[in-house]
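Letters A, B, ... mirror the listed sequences (proteins, then strands); counts begin at 1.
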Amino acid sequence: MEFQFQFDWQAAIDSIPFLLKGVPYTLLISFGGLAIGFVLGIFFGLLSINKKWFFRWPATAYIEIFRGTPILVQVLFIFYGLPDLIGGPIDPLTAGIAAIALNSGAYISEVVRGGVQSIDKGQTEAGLSLGLSRSQTFWSIIWPQAFRRMIPPLGNQAIVSIKDTSLFSVIGVGELVRQGQVYIANTFTAFEVYFVVALMYLAITLSLSLVLRYIERRGLASV
Amino acid sequence: MTQIVQMQGMNKYFGTLHVLKEIDLTVEAGEVVVIIGASGSGKSTLIRCVNGLEEFESGKLIVDGNELAPKGGNQKALTEIRKEVGMVFQQFNLFPHLTVKKNIMLAPRKVKEAPEPIANATAERLLNRVGIASQADKYPSHLSGGQQQRVAIARALAMEPKLMLFDEPTSALDPEMIGEVLDVMRELAKEGMTMMVVTHEMGFAREVADRVIYIHEGKIVEEGKPADVFDNPQNERTQAFLSRVLAH
(Lines give C-alpha, C1' and ligand atoms only; values in the text may rest on other atoms or scores of the structure.)
Protein backbone atom coordinates (compact mmCIF):
# COMPACT_ATOMS: atom_id res chain seq x y z
CA MET A 1 0.00 0.00 0.00
CA GLU A 2 1.39 3.33 -0.93
CA PHE A 3 1.62 5.95 1.83
CA GLN A 4 0.72 9.43 0.84
CA PHE A 5 0.25 12.42 3.06
CA GLN A 6 -1.41 15.61 1.98
CA PHE A 7 -1.65 18.74 4.07
CA ASP A 8 -5.37 19.36 4.45
CA TRP A 9 -5.72 23.13 4.18
CA GLN A 10 -9.43 23.00 4.82
CA ALA A 11 -8.90 21.14 8.10
CA ALA A 12 -6.35 23.75 9.17
CA ILE A 13 -8.65 26.64 8.36
CA ASP A 14 -11.62 24.97 10.04
CA SER A 15 -9.69 24.58 13.28
CA ILE A 16 -8.90 28.30 13.60
CA PRO A 17 -12.06 29.55 15.36
CA PHE A 18 -11.86 26.82 17.97
CA LEU A 19 -8.13 27.35 18.56
CA LEU A 20 -8.57 31.12 18.83
CA LYS A 21 -10.65 30.55 21.97
CA GLY A 22 -7.42 29.43 23.63
CA VAL A 23 -5.53 32.63 22.82
CA PRO A 24 -7.10 34.82 25.55
CA TYR A 25 -6.15 32.20 28.15
CA THR A 26 -2.61 31.97 26.86
CA LEU A 27 -2.33 35.77 26.95
CA LEU A 28 -3.98 36.07 30.35
CA ILE A 29 -1.72 33.45 31.95
CA SER A 30 1.41 34.87 30.27
CA PHE A 31 0.91 38.54 30.94
CA GLY A 32 -0.89 38.14 34.25
CA GLY A 33 1.92 35.91 35.44
CA LEU A 34 4.63 38.16 34.03
CA ALA A 35 3.15 41.25 35.68
CA ILE A 36 3.29 39.58 39.09
CA GLY A 37 6.66 38.05 38.17
CA PHE A 38 8.00 41.52 37.45
CA VAL A 39 7.00 42.74 40.90
CA LEU A 40 8.53 39.63 42.48
CA GLY A 41 11.63 40.10 40.33
CA ILE A 42 12.17 43.69 41.44
CA PHE A 43 11.59 42.75 45.06
CA PHE A 44 13.85 39.69 45.19
CA GLY A 45 16.36 41.10 42.72
CA LEU A 46 16.94 44.13 44.95
CA LEU A 47 17.03 41.96 48.07
CA SER A 48 19.68 39.80 46.43
CA ILE A 49 22.11 42.73 46.20
CA ASN A 50 21.54 43.94 49.73
CA LYS A 51 24.66 44.14 51.86
CA LYS A 52 23.03 42.28 54.76
CA TRP A 53 22.97 38.51 54.51
CA PHE A 54 19.55 38.11 56.14
CA PHE A 55 18.02 40.07 53.27
CA ARG A 56 20.12 38.36 50.63
CA TRP A 57 19.60 34.82 51.83
CA PRO A 58 15.82 34.49 51.27
CA ALA A 59 16.18 36.03 47.83
CA THR A 60 18.90 33.59 46.86
CA ALA A 61 16.79 30.68 48.14
CA TYR A 62 13.76 31.81 46.14
CA ILE A 63 15.77 32.32 42.95
CA GLU A 64 17.60 29.01 43.17
CA ILE A 65 14.45 27.01 43.95
CA PHE A 66 12.31 28.38 41.13
CA ARG A 67 15.12 28.49 38.59
CA GLY A 68 16.36 25.07 39.53
CA THR A 69 13.11 23.09 39.25
CA PRO A 70 11.06 22.49 36.07
CA ILE A 71 8.10 24.78 35.59
CA LEU A 72 5.99 21.71 34.79
CA VAL A 73 6.72 20.31 38.24
CA GLN A 74 5.96 23.72 39.75
CA VAL A 75 2.53 23.96 38.17
CA LEU A 76 1.68 20.33 39.01
CA PHE A 77 2.74 21.00 42.58
CA ILE A 78 0.57 24.11 42.79
CA PHE A 79 -2.46 22.53 41.09
CA TYR A 80 -2.42 19.01 42.59
CA GLY A 81 -0.22 19.43 45.64
CA LEU A 82 -1.21 22.71 47.24
CA PRO A 83 -4.94 21.88 47.60
CA ASP A 84 -3.94 19.21 50.13
CA LEU A 85 -2.25 21.90 52.13
CA ILE A 86 -4.87 24.63 51.92
CA GLY A 87 -7.80 22.21 52.04
CA GLY A 88 -9.56 23.32 48.89
CA PRO A 89 -9.16 23.16 45.13
CA ILE A 90 -7.19 25.74 43.12
CA ASP A 91 -8.61 26.53 39.74
CA PRO A 92 -6.28 25.78 36.83
CA LEU A 93 -6.14 29.39 35.62
CA THR A 94 -4.93 30.63 39.02
CA ALA A 95 -2.43 27.78 39.23
CA GLY A 96 -1.10 28.68 35.77
CA ILE A 97 -0.73 32.37 36.56
CA ALA A 98 0.94 31.56 39.87
CA ALA A 99 3.42 29.21 38.20
CA ILE A 100 4.41 31.78 35.56
CA ALA A 101 4.64 34.48 38.23
CA LEU A 102 6.89 32.47 40.55
CA ASN A 103 9.01 31.05 37.75
CA SER A 104 9.51 34.23 35.75
CA GLY A 105 9.99 36.14 39.01
CA ALA A 106 13.10 34.08 39.74
CA TYR A 107 14.61 34.79 36.34
CA ILE A 108 13.58 38.46 36.44
CA SER A 109 15.28 38.76 39.85
CA GLU A 110 18.53 37.87 38.14
CA VAL A 111 17.82 40.33 35.33
CA VAL A 112 17.19 43.07 37.90
CA ARG A 113 20.33 42.18 39.83
CA GLY A 114 22.45 42.18 36.68
CA GLY A 115 20.94 45.44 35.45
CA VAL A 116 21.50 47.30 38.69
CA GLN A 117 25.02 45.94 39.17
CA SER A 118 25.96 46.96 35.64
CA ILE A 119 25.62 50.65 36.49
CA ASP A 120 28.97 52.26 37.30
CA LYS A 121 29.47 52.97 40.99
CA GLY A 122 30.51 56.51 40.07
CA GLN A 123 26.81 57.18 39.46
CA THR A 124 25.98 56.30 43.06
CA GLU A 125 28.91 58.37 44.30
CA ALA A 126 27.79 61.36 42.26
CA GLY A 127 24.26 61.08 43.66
CA LEU A 128 25.43 60.74 47.26
CA SER A 129 27.95 63.57 46.89
CA LEU A 130 25.10 65.87 45.82
CA GLY A 131 23.30 65.15 49.08
CA LEU A 132 20.74 62.70 47.76
CA SER A 133 19.78 59.91 50.15
CA ARG A 134 20.56 56.30 49.26
CA SER A 135 17.00 55.66 48.12
CA GLN A 136 16.77 58.92 46.14
CA THR A 137 20.06 58.03 44.46
CA PHE A 138 18.77 54.59 43.63
CA TRP A 139 15.34 55.49 42.29
CA SER A 140 16.21 58.65 40.39
CA ILE A 141 19.68 57.77 39.10
CA ILE A 142 20.44 54.04 39.16
CA TRP A 143 17.05 52.48 38.46
CA PRO A 144 16.16 54.42 35.27
CA GLN A 145 19.52 53.52 33.74
CA ALA A 146 19.37 49.90 34.92
CA PHE A 147 15.81 49.49 33.67
CA ARG A 148 16.82 50.56 30.19
CA ARG A 149 19.45 47.84 30.13
CA MET A 150 16.93 45.33 31.46
CA ILE A 151 14.52 45.69 28.53
CA PRO A 152 16.14 43.12 26.19
CA PRO A 153 16.47 40.36 28.81
CA LEU A 154 12.96 41.13 30.09
CA GLY A 155 11.62 40.73 26.57
CA ASN A 156 13.45 37.46 26.33
CA GLN A 157 11.85 36.25 29.55
CA ALA A 158 8.40 37.32 28.34
CA ILE A 159 8.79 35.18 25.23
CA VAL A 160 10.02 32.20 27.25
CA SER A 161 7.07 32.53 29.65
CA ILE A 162 4.53 32.77 26.81
CA LYS A 163 5.83 29.49 25.46
CA ASP A 164 5.94 27.93 28.94
CA THR A 165 2.16 28.37 29.24
CA SER A 166 1.79 25.59 26.65
CA LEU A 167 2.81 23.14 29.40
CA PHE A 168 -0.28 24.07 31.38
CA SER A 169 -2.44 22.02 29.01
CA VAL A 170 -1.66 19.22 31.49
CA ILE A 171 -3.78 20.84 34.21
CA GLY A 172 -6.63 21.45 31.80
CA VAL A 173 -6.52 25.23 31.30
CA GLY A 174 -8.16 25.91 27.95
CA GLU A 175 -5.12 27.64 26.50
CA LEU A 176 -3.85 27.18 22.96
CA VAL A 177 -2.32 23.72 23.20
CA ARG A 178 -5.21 22.36 25.25
CA GLN A 179 -7.67 23.67 22.66
CA GLY A 180 -5.61 21.95 19.97
CA GLN A 181 -5.62 18.64 21.81
CA VAL A 182 -9.38 18.76 22.29
CA TYR A 183 -9.94 19.61 18.64
CA ILE A 184 -7.64 16.84 17.42
CA ALA A 185 -9.44 14.30 19.58
CA ASN A 186 -12.48 14.79 17.36
CA THR A 187 -10.92 15.36 13.94
CA PHE A 188 -7.62 13.39 14.01
CA THR A 189 -5.92 16.21 12.09
CA ALA A 190 -2.86 16.51 14.34
CA PHE A 191 -0.44 17.77 11.69
CA GLU A 192 -2.66 20.63 10.53
CA VAL A 193 -3.85 21.67 13.98
CA TYR A 194 -0.43 21.72 15.67
CA PHE A 195 0.84 23.64 12.66
CA VAL A 196 -1.82 26.30 13.24
CA VAL A 197 -1.11 26.27 16.99
CA ALA A 198 2.57 26.88 16.30
CA LEU A 199 1.70 29.77 13.97
CA MET A 200 -0.46 31.34 16.66
CA TYR A 201 2.41 31.25 19.19
CA LEU A 202 4.66 32.73 16.56
CA ALA A 203 2.17 35.54 15.90
CA ILE A 204 2.11 36.39 19.61
CA THR A 205 5.87 36.26 20.13
CA LEU A 206 6.69 38.11 16.91
CA SER A 207 4.32 40.96 17.80
CA LEU A 208 5.96 41.19 21.19
CA SER A 209 9.43 41.25 19.62
CA LEU A 210 8.38 44.11 17.37
CA VAL A 211 6.97 46.14 20.26
CA LEU A 212 10.13 45.50 22.31
CA ARG A 213 12.40 46.51 19.49
CA TYR A 214 10.46 49.74 19.14
CA ILE A 215 10.68 50.49 22.88
CA GLU A 216 14.38 49.68 22.92
CA ARG A 217 15.14 51.96 20.00
CA ARG A 218 13.18 54.81 21.54
CA GLY A 219 14.82 54.29 24.92
CA LEU A 220 18.33 54.23 23.56
CA ALA A 221 17.84 57.23 21.31
CA SER A 222 17.76 59.56 24.28
CA VAL A 223 21.10 58.46 25.70
CA MET B 1 39.04 82.49 60.19
CA THR B 2 36.48 79.72 60.08
CA GLN B 3 37.77 76.26 59.62
CA ILE B 4 35.77 74.31 57.06
CA VAL B 5 37.71 71.07 57.32
CA GLN B 6 39.59 69.72 60.33
CA MET B 7 41.36 66.40 60.26
CA GLN B 8 43.22 65.14 63.31
CA GLY B 9 45.23 61.95 63.47
CA MET B 10 43.12 60.39 60.75
CA ASN B 11 43.93 56.83 59.67
CA LYS B 12 42.47 54.87 56.82
CA TYR B 13 43.04 51.26 55.79
CA PHE B 14 42.07 49.22 52.76
CA GLY B 15 42.17 45.80 54.40
CA THR B 16 45.68 45.59 55.78
CA LEU B 17 46.98 48.39 53.58
CA HIS B 18 47.49 51.57 55.59
CA VAL B 19 46.48 54.26 53.03
CA LEU B 20 46.24 57.35 55.19
CA LYS B 21 48.58 57.75 58.15
CA GLU B 22 47.90 60.16 60.99
CA ILE B 23 46.61 62.94 58.75
CA ASP B 24 46.42 66.37 60.36
CA LEU B 25 44.98 69.00 58.07
CA THR B 26 42.82 72.06 58.33
CA VAL B 27 41.24 74.04 55.54
CA GLU B 28 40.09 77.59 56.18
CA ALA B 29 37.08 79.18 54.53
CA GLY B 30 38.05 80.67 51.18
CA GLU B 31 41.27 78.71 50.96
CA VAL B 32 42.36 76.76 47.91
CA VAL B 33 44.35 73.69 48.93
CA VAL B 34 45.98 71.63 46.20
CA ILE B 35 47.05 68.10 47.05
CA ILE B 36 49.78 66.53 44.97
CA GLY B 37 51.54 63.21 45.09
CA ALA B 38 52.28 60.09 43.08
CA SER B 39 49.61 57.61 42.02
CA GLY B 40 48.52 55.49 44.94
CA SER B 41 49.84 57.95 47.51
CA GLY B 42 46.37 58.35 49.04
CA LYS B 43 45.55 61.84 47.82
CA SER B 44 42.21 60.90 46.24
CA THR B 45 41.30 58.80 49.25
CA LEU B 46 42.00 61.80 51.45
CA ILE B 47 39.46 64.08 49.77
CA ARG B 48 36.95 61.24 49.39
CA CYS B 49 36.96 60.95 53.19
CA VAL B 50 35.81 64.56 53.48
CA ASN B 51 32.33 63.78 52.09
CA GLY B 52 32.21 60.23 53.39
CA LEU B 53 32.66 58.38 50.11
CA GLU B 54 35.42 56.61 52.00
CA GLU B 55 35.22 55.70 55.66
CA PHE B 56 38.21 56.15 57.94
CA GLU B 57 39.23 53.88 60.76
CA SER B 58 40.40 56.26 63.44
CA GLY B 59 40.99 59.91 64.18
CA LYS B 60 38.85 62.98 63.91
CA LEU B 61 37.17 64.63 60.93
CA ILE B 62 35.01 67.72 61.26
CA VAL B 63 33.49 69.37 58.19
CA ASP B 64 31.77 72.70 58.74
CA GLY B 65 30.98 71.83 62.35
CA ASN B 66 29.68 68.33 61.59
CA GLU B 67 31.82 65.64 63.13
CA LEU B 68 32.06 62.34 61.27
CA ALA B 69 32.68 59.25 63.34
CA PRO B 70 35.12 56.53 62.22
CA LYS B 71 33.81 53.54 60.24
CA GLY B 72 30.87 55.41 58.75
CA GLY B 73 29.30 56.31 62.07
CA ASN B 74 27.16 59.42 62.50
CA GLN B 75 25.00 59.27 59.40
CA LYS B 76 23.29 62.49 60.39
CA ALA B 77 26.51 64.48 60.14
CA LEU B 78 27.25 62.77 56.85
CA THR B 79 23.90 63.85 55.39
CA GLU B 80 24.57 67.45 56.43
CA ILE B 81 28.10 67.39 55.08
CA ARG B 82 27.07 66.09 51.67
CA LYS B 83 24.58 68.93 51.29
CA GLU B 84 27.35 71.45 51.90
CA VAL B 85 30.23 69.84 50.04
CA GLY B 86 30.28 69.54 46.26
CA MET B 87 32.45 67.07 44.40
CA VAL B 88 33.84 66.85 40.89
CA PHE B 89 35.10 63.46 39.73
CA GLN B 90 37.80 62.39 37.32
CA GLN B 91 35.24 60.52 35.18
CA PHE B 92 32.62 63.35 35.41
CA ASN B 93 29.90 60.88 36.50
CA LEU B 94 27.15 62.87 34.83
CA PHE B 95 23.77 61.15 34.73
CA PRO B 96 23.53 59.85 31.14
CA HIS B 97 19.73 59.46 31.19
CA LEU B 98 19.13 63.13 32.00
CA THR B 99 19.72 66.22 29.91
CA VAL B 100 22.45 68.62 30.95
CA LYS B 101 19.93 70.93 32.58
CA LYS B 102 18.15 68.08 34.37
CA ASN B 103 21.51 66.87 35.66
CA ILE B 104 21.96 70.22 37.36
CA MET B 105 18.37 70.49 38.58
CA LEU B 106 18.16 67.03 40.14
CA ALA B 107 19.79 67.70 43.52
CA PRO B 108 18.16 71.10 44.16
CA ARG B 109 14.77 69.56 43.31
CA LYS B 110 15.21 66.39 45.40
CA VAL B 111 17.35 67.55 48.28
CA LYS B 112 16.35 71.18 48.73
CA GLU B 113 12.89 70.66 47.27
CA ALA B 114 13.38 73.80 45.21
CA PRO B 115 10.39 74.66 43.00
CA GLU B 116 10.83 73.81 39.32
CA PRO B 117 11.16 77.41 38.02
CA ILE B 118 13.77 78.28 40.63
CA ALA B 119 15.84 75.16 39.99
CA ASN B 120 15.52 75.85 36.29
CA ALA B 121 16.74 79.42 36.66
CA THR B 122 19.65 78.26 38.81
CA ALA B 123 20.63 75.70 36.19
CA GLU B 124 20.54 78.27 33.39
CA ARG B 125 22.59 80.76 35.39
CA LEU B 126 25.22 78.12 36.21
CA LEU B 127 25.40 76.85 32.64
CA ASN B 128 26.00 80.41 31.56
CA ARG B 129 28.71 80.75 34.14
CA VAL B 130 30.57 77.68 32.92
CA GLY B 131 30.06 78.82 29.34
CA ILE B 132 27.79 76.13 27.89
CA ALA B 133 24.29 77.58 28.08
CA SER B 134 23.62 76.45 24.52
CA GLN B 135 23.98 72.76 25.47
CA ALA B 136 21.30 72.77 28.18
CA ASP B 137 18.91 70.36 26.48
CA LYS B 138 21.48 67.92 25.17
CA TYR B 139 22.38 64.63 26.79
CA PRO B 140 25.86 64.34 28.36
CA SER B 141 27.06 61.82 25.77
CA HIS B 142 26.68 64.49 23.08
CA LEU B 143 29.15 66.80 24.81
CA SER B 144 32.93 66.84 24.71
CA GLY B 145 34.87 65.78 27.79
CA GLY B 146 35.67 69.35 28.71
CA GLN B 147 32.04 70.37 28.40
CA GLN B 148 30.94 67.39 30.47
CA GLN B 149 33.32 68.30 33.24
CA ARG B 150 32.06 71.88 33.21
CA VAL B 151 28.50 70.56 33.54
CA ALA B 152 29.68 68.44 36.47
CA ILE B 153 31.07 71.56 38.13
CA ALA B 154 27.79 73.41 37.52
CA ARG B 155 25.88 70.45 38.94
CA ALA B 156 27.90 70.56 42.15
CA LEU B 157 27.57 74.35 42.39
CA ALA B 158 23.78 74.12 42.15
CA MET B 159 23.71 72.94 45.76
CA GLU B 160 25.54 76.15 46.77
CA PRO B 161 28.31 74.25 48.53
CA LYS B 162 30.64 75.79 51.08
CA LEU B 163 33.44 73.54 49.93
CA MET B 164 34.26 72.01 46.56
CA LEU B 165 36.29 68.82 46.20
CA PHE B 166 38.03 68.17 42.90
CA ASP B 167 39.35 64.65 42.37
CA GLU B 168 41.73 64.83 39.42
CA PRO B 169 39.19 66.83 37.38
CA THR B 170 41.35 67.04 34.25
CA SER B 171 43.03 63.63 34.24
CA ALA B 172 40.49 62.03 31.89
CA LEU B 173 40.48 64.94 29.45
CA ASP B 174 42.15 65.35 26.10
CA PRO B 175 44.96 67.90 26.44
CA GLU B 176 43.16 70.61 24.45
CA MET B 177 40.21 70.54 26.87
CA ILE B 178 42.13 70.82 30.11
CA GLY B 179 42.39 74.60 29.85
CA GLU B 180 38.65 75.26 29.70
CA VAL B 181 38.06 73.26 32.90
CA LEU B 182 40.96 74.88 34.73
CA ASP B 183 39.61 78.30 33.69
CA VAL B 184 36.30 77.58 35.40
CA MET B 185 38.12 76.40 38.51
CA ARG B 186 40.33 79.48 38.48
CA GLU B 187 37.22 81.69 38.34
CA LEU B 188 35.70 79.81 41.25
CA ALA B 189 38.82 80.28 43.31
CA LYS B 190 38.83 83.99 42.51
CA GLU B 191 35.24 84.28 43.72
CA GLY B 192 36.33 82.93 47.08
CA MET B 193 35.17 79.31 46.93
CA THR B 194 36.86 77.00 49.41
CA MET B 195 38.46 74.24 47.36
CA MET B 196 40.40 71.02 47.88
CA VAL B 197 41.94 69.94 44.61
CA VAL B 198 43.77 66.74 43.78
CA THR B 199 45.58 67.30 40.52
CA HIS B 200 48.65 66.68 38.42
CA GLU B 201 48.43 70.16 36.89
CA MET B 202 51.41 71.75 38.59
CA GLY B 203 50.98 75.03 36.71
CA PHE B 204 47.47 75.37 38.08
CA ALA B 205 48.65 74.46 41.58
CA ARG B 206 51.37 77.07 41.51
CA GLU B 207 49.07 79.79 40.19
CA VAL B 208 45.83 79.17 42.09
CA ALA B 209 46.67 77.35 45.32
CA ASP B 210 46.97 79.15 48.61
CA ARG B 211 48.62 76.06 49.96
CA VAL B 212 50.13 72.97 48.42
CA ILE B 213 50.26 69.64 50.22
CA TYR B 214 52.50 66.82 49.11
CA ILE B 215 51.44 63.33 50.14
CA HIS B 216 53.77 60.36 50.06
CA GLU B 217 52.61 56.85 50.97
CA GLY B 218 49.65 58.13 52.93
CA LYS B 219 51.53 60.78 54.87
CA ILE B 220 51.63 64.54 54.48
CA VAL B 221 55.36 65.11 54.09
CA GLU B 222 55.37 68.71 52.94
CA GLU B 223 52.97 71.61 53.16
CA GLY B 224 53.29 75.28 52.33
CA LYS B 225 52.82 78.12 49.91
CA PRO B 226 53.17 77.00 46.28
CA ALA B 227 56.26 79.10 45.75
CA ASP B 228 57.96 77.48 48.74
CA VAL B 229 56.94 73.92 47.93
CA PHE B 230 57.74 74.13 44.23
CA ASP B 231 60.89 76.23 44.33
CA ASN B 232 62.37 75.21 47.62
CA PRO B 233 61.05 71.82 48.74
CA GLN B 234 62.45 70.76 52.11
CA ASN B 235 61.69 67.05 52.04
CA GLU B 236 63.76 64.86 49.76
CA ARG B 237 60.64 62.90 48.73
CA THR B 238 59.05 66.12 47.54
CA GLN B 239 62.23 67.08 45.72
CA ALA B 240 62.34 63.72 43.95
CA PHE B 241 58.65 63.89 43.01
CA LEU B 242 58.83 67.46 41.74
CA SER B 243 61.95 66.82 39.71
CA ARG B 244 60.09 64.01 37.98
CA VAL B 245 56.87 65.90 37.24
CA LEU B 246 58.39 69.31 36.52
CA ALA B 247 61.22 67.99 34.36
CA HIS B 248 59.21 67.92 31.16
Side-chain angles (χ1 to χ4, degrees), chain A residues 38 41-42 45-46 49-56 111-155 212-223, chain B residues 44 47-48 50-54 72 75-76 78-99 102-114 137-142 148 151-152 154-167 172:
Chain A
F38 186 56
I42 293 175
L46 295 184
I49 46 180
N50 199 286
K51 279 199 199 110
K52 301 194 175 72
W53 68 269
F54 50 87
F55 283 123
R56 233 174 26 233
V111 170
V112 168
R113 184 179 65 82
V116 169
Q117 286 180 335
S118 77
I119 304 301
D120 186 77
K121 80 176 192 338
Q123 293 288 306
T124 303
E125 291 183 350
L128 294 178
S129 79
L130 286 166
L132 271 68
S133 68
R134 286 220 158 255
S135 75
Q136 284 174 328
T137 301
F138 183 79
W139 290 112
S140 52
I141 297 169
I142 307 304
W143 180 254
Q145 296 181 57
F147 184 72
R148 206 162 282 179
R149 294 189 188 179
M150 282 157 49
I151 293 172
L154 283 176
L212 285 164
R213 216 159 289 167
Y214 173 76
I215 294 174
E216 228 178 286
R217 219 171 327 144
R218 255 195 28 174
L220 292 175
S222 58
V223 173
Chain B
S44 284
I47 67 165
R48 286 165 58 85
V50 174
N51 66 347
L53 290 183
E54 299 289 351
Q75 282 296 315
K76 225 177 145 183
L78 187 57
T79 309
E80 284 311 305
I81 288 170
R82 283 177 175 163
K83 284 183 203 165
E84 290 168 15
V85 177
M87 188 165 201
V88 174
F89 301 86
Q90 183 177 348
Q91 299 295 339
F92 328 138
N93 295 344
L94 292 178
F95 308 132
H97 63 301
L98 300 176
T99 62
K102 290 266 159 63
N103 260 274
I104 300 172
M105 289 169 65
L106 182 71
R109 296 279 288 138
K110 298 267 172 194
V111 181
K112 290 186 168 175
E113 294 174 5
D137 296 317
K138 289 191 182 164
Y139 285 89
S141 60
H142 296 147
Q148 289 192 45
V151 173
R155 179 177 69 176
L157 291 176
M159 286 298 287
E160 298 173 318
K162 292 185 178 168
L163 166 68
M164 284 282 284
L165 307 172
F166 292 85
D167 188 3

Worksheet item: More than 12 heavy atoms of other residues, nucleotides or ligands under 6.0 Å from CZ of A:Arg213: is that the case?
Response: no
Item to complete: Please flag which part of A:Gln136 lies under 4.5 Å from any non-hydrogen atom of chain B: side chain, backbone, both or neither.
Response: side chain
Fill in: B:Phe95 versus chain A, the contacting section by heavy-atom distance below 4.5 Å
both
Discussion item. Within this structure, what is the NE2-CD1 distance for the pair B:His97 and A:Ile142, rounded to the nearest 0.5 Å?
Written reply: 8.0 Å
Worksheet item: How long is the gap from OG on A:Ser140 to CG on B:Leu106, to the nearest 0.5 Å?
Response: 4.5 Å
Discussion item. Heavy-atom pairs under 4.5 Å with chain A - which of B:Gln90, B:Arg48, B:Lys112 has more of them than the others?
Written reply: B:Arg48
Worksheet item: So what's closer than 4.5 Å to chain A heavy atoms on B:Leu94: side chain, backbone, both or neither?
Response: backbone
Response to the item:
Value for CD (A:Glu125) from CG (B:Asp167), rounded to nearest 0.5 Å, stands at 9.0 Å
Fill in: For chain A, the option from B:Thr79, B:Leu78, B:Asn93 that forms the most heavy-atom pairs under 4.5 Å
B:Asn93
Worksheet, complete the sentence: Rounding to 0.5 Å, atoms CG (A:Leu130) and CZ (B:Arg82) come to a distance of 10.5 Å
Worksheet item: What is the distance from atom CG of A:Leu128 to atom CG of B:Asn51, rounded to the nearest 0.5 Å?
Response: 9.0 Å
Item to complete: Could you grab the distance from atom NZ of B:Lys110 to atom OG of A:Ser135, nearest 0.5 Å is fine?
Response: 9.5 Å
